[in-house]
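To start, the structure under review is shown below, and the notes come after it.
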Protein chains: 2
Amino acid sequence: MKDVAARAGVGLSTVSRVVSEKSGVSRAKRRAVERAIAELGYSRNEFAHTLRTGSARTIGVVVTRISDPFYAQLVSTIEERAQERDLLVLVASAGDDPVEGERVLRRMLTRRLDGLIVVAHEEADVSFLAAEKEAGTRIVFVDRPPRGLHADLIAVDNERGAADAVAHLVQAGHRVIACLAHTSGRFTSERRQAGFRQGLRDAGLPARPELIVAVDDDVDACVEALRELWSLDDPPTALFTTNSRTTKAVLKALRLLDAHPALVGFDDFDLAELMNPPVTTIAQDPWAIGDAAAGLLFDRIAGLAGPERRITLGTRLIVRGSGELPPG
Amino acid sequence: MKDVAARAGVGLSTVSRVVSEKSGVSRAKRRAVERAIAELGYSRNEFAHTLRTGSARTIGVVVTRISDPFYAQLVSTIEERAQERDLLVLVASAGDDPVEGERVLRRMLTRRLDGLIVVAHEEADVSFLAAEKEAGTRIVFVDRPPRGLHADLIAVDNERGAADAVAHLVQAGHRVIACLAHTSGRFTSERRQAGFRQGLRDAGLPARPELIVAVDDDVDACVEALRELWSLDDPPTALFTTNSRTTKAVLKALRLLDAHPALVGFDDFDLAELMNPPVTTIAQDPWAIGDAAAGLLFDRIAGLAGPERRITLGTRLIVRGSGELPPG
DNA sequence: TTGTAAGCGTTATCAT
DNA sequence: ATGATAACGCTTACAA
């Protein structure tokens with residue numbers, strides 16, 4: 001910057017004004033500075049800039065696993081929206097371990113970010129973020145409410161979505177429906193189970209506990225769970241799965257068992273339409289979620305005050321056929 | 001930091017030494033400083049640190065689309081490796097537009113990154129990176145060689161993989177094989193087409209130009225292309241697709257057409273095993289690629305000198321059945 | 001071992 | 001409109 005000033009024959013402040021696109025510089029000097037910048041290939045040192053101004057023009061996004069298509073889409077959307085505002089995006093996977101997750105978050109906060117979007121591990125206590133929040137870092141949570149902290153949240157209507165799935169299956173004539181709930185994801189999984197039960201109630205059907213089973217996304221575990229379900233006196237004719245990883249595992253298990261019950265899965269997934277039969281899903285829109293999260297975060301950064309918001313997005317039933325198989 | 005020093009009753013440099021985990025501090029003072037840090041909830045300002053030392057402890061990753069599962073996995077792996085070294089990762093999607101891509105890269109470089117991993121748009125001229133490279137930013141390219149720049153590259157053996165696919169189809173008895181090549185991705189697509197032709201040569205079969213068609217990943221375009229192939233005098237009994245987006249589009253088109261030719265696709269994809277029949281693929285391992293890219297980048301950052309490297313990773317034929325359908 | 005002070009590249013304040 | 005100068009928070013000679 002000194003070099004630029006020297007070459008342009010102006011003072012440091014003038015260069016700074018030009019670089020920061022501030023007014024109050026004569027056309028002539030502005031031109032001179034711009035030329036010097038071009039000639040010297042100068043670009044502002046963002047660290048000095050940040051040190052001085054306090055804003056890093058960077059936001060952070062922490063998700064459990066970037067490689068999960070849902071989160072990948074979420075990150076993608078946020079990054080797109082950030083680009084529009086000339087913000088850079090730091091990403092990190094928090095992984096399955098809450099302790100590691102805290103380490104990851106802390107490392108991020110080290111960077112005096114303008115804002116942070118977090119999909120935290122559901123068990124993780126994030127009360128340690130309170131100090132940062134107090135200190136001015138805007139934080140928006142996605143998918144699950146933070147434990148130990150009041151903060152903005154973008155989530156989907158898990159109950160409603162699950163109830164829609166049940167209604168769809170009931171309409172196709174099913175009376176005995178099982179719910180395969182993913183073991184991880186306590187919050188979302190529980191909300192979806194609750195919606196499942198509500199859906200049964202709405203249809204005047206009993207919510208039999210033996211028809212709600214916890215599985216992880218391991219195919220063998222799903223095979224086992226399905227065998228047990230079918231060994232019941234009154235076995236289910238339809239299945240509801242609480243997330244796409246479970247849906248996929250169940251589909252693989254069903255192929256192994258050569259079984260073809262009706263099925264509706266929470267979360268849409270790529271190639272659902274190519275399954276045999278095509279899989280009906282309750283879609284949550286990662287684009288809309290990311291957009292809402294980024295939007296709220298940017299509003300907060302811009303100074304939006306007021307109490308914590310909790311924005312709930314709807315889900316959409318995508319009928320493809322697997323939910324309409326008749327019982328039996 | 002001043003506060004910490006005051007509270008601990010020591011000088012600034014002592015605090016700095018403790019924070020930077022440098023030796024030469026007495027046990028007593030170190031303890032005092034650590035206590036003061038804990039009490040005050042102090043954490044080092046990374047920008048001041050970077051301003052002083054020059055290293056941001058941050059790397060950048062630029063891919064064409066984060067939401068693409070392949071790149072999501074790549075980013076995930078790189079981020080994982082970065083975490084081990086306490087590095088943070090900036091990500092950005094360069095999109096399909098080379099101009100926008102240059103903007104994205106420039107914005108990243110603004111941050112004096114320790115290193116950069118890039119999957120550039122294939123048409124994009126990245127010669128503007130030469131100055132940065134000269135200035136010391138380590139850059140590793142992935143998947144496609146950069147245009148207008150000599151730099152490290154991690155890629156897969158596209159020719160070999162494609163030739164393997166052809167060999168597999170030939171072994172199943174196919175003599176007329178079509179190649180559906182994705183229109184984008186000039187470099188990879190061309191390499192894979194070359195491999196396709198080589199595979200035919202190896203089998204003593206002619207490479208008929210009318211059997212190599214360019215499609216994008218639009219289902220209608222694939223339907224059209226397939227119809228034309230089947231209107232040939234001697235229509236193909238097997239298909240080779242040059243990437244997973246194309247493979248998926250072709251699968252959707254085949255369902256619409258209710259056609260069941262043999263098929264091998266370049267790139268593995270989730271649920272390939274649940275297709276009907278399960279889809280045989282040439283898998284490139286995004287984990288291995290990310291690992292290699294991160295490894296080389298870290299080596300360069302650590303001072304590894306020497307000429308540009310070009311690391312080629314192998315592919316793996318995953319036989320699932322779709323390639324073994326007999327002709328006719 | 002410890003502290004003092006200079007300086008990293010900016011921007012903000014204040015004269016001019 | 002412009003420029004000198006003092007921070008921003010840290011590291012690192014150098015001196016003690």
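Here A:Asp152 pairs with A:Arg300 under the side chain to side chain donor-acceptor pair (under 3.5 Å) rule; sequence neighbours left out. Taking A:Phe47 as the reference, B:Phe47 meet the ring-ring contact (aromatic ring centres under 6.0 Å, His included) condition, with sequence neighbours excluded.
Heavy-atom contacts of chain B under 4.0 Å fall on DNA chain C between two terminal nucleotides, which in 5' to 3' order are C:dT1 to C:dG9. First and last contacting nucleotides of DNA chain D toward chain B (any atom under 4.0 angstrom from a heavy atom, 5' to 3' order): D:dG9 to D:dT12.
When the local axes at the two ends of the helix from C:dT1-D:dA16 to C:dT16-D:dA1 are compared, using 5 base pairs at each end, they differ in direction by 40° after rounding to 10°.
Residues of residues 16-26 of chain B having a heavy atom closer than 4.0 Å to DNA chain C, listed by number: B:Arg17, B:Gly24, B:Val25, B:Ser26. Of the residues in residues 3-14 of chain A, those placing a heavy atom less than 4.0 Å from an atom of DNA chain C are A:Ser13, in numerical order. Residues from residues 33-43 of chain B placing a heavy atom under 4.0 Å of any atom in DNA chain D, listed by number, are B:Tyr42.
Judged by closest nucleotide on DNA chain C, B:Lys29 is the one of B:Lys29 and B:Leu51 placed further toward the 5' end. In terms of position on DNA chain C, the residue among B:Arg30 and B:Arg52 whose nearest nucleotide sits closer to the 5' end is B:Arg30.
Nucleic acid contact for A:Lys2: none, since no nucleic acid atom lies under 4.0 Å from a heavy atom of the residue.
Here ring pair (Phe, Tyr, Trp, His ring centres under 6.0 Å) pairs that include residues 118-151 of chain A, with residues two or more places apart or in two chains, number zero. For residues 22-47 of chain A, the set of pairs meeting the salt bridge (charged side-chain N to carboxylate O under 4.0 Å, His left out) definition, not counting sequence neighbours, comprises A:Arg7-A:Glu39, A:Arg35-A:Glu39, A:Arg44-A:Glu46.
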With a cut-off of 3.5 Å and sequence neighbours excluded, list every side-chain donor-acceptor pair involving residues 69-76 of chain A.
residue, atom, partner, partner atom, Å
A:Tyr71, OH, A:Arg144, NH2, 2.7
A:Gln73, NE2, A:Thr77, OG1, 3.3

Hey, can you pull the donor-acceptor pairs under 3.5 Å for the side chains in residues 95-110 of chain B, sequence neighbours left out?
residue, atom, partner, partner atom, Å
B:Asp97, OD1, B:Val99, N, 3.0
B:Glu100, OE1, B:Arg103, NH1, 3.2
B:Glu102, OE2, B:Arg106, NE, 3.1
B:Glu102, OE2, B:Arg106, NH2, 2.9
B:Arg107, NE, A:Asp86, OD1, 3.1

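Considering A:Val140, A:Leu304, A:Asp299 in turn, A:Leu304 is the only one that fulfils the side-chain contact (heavy atoms from CB on, under 4.5 Å) rule with A:Arg309.
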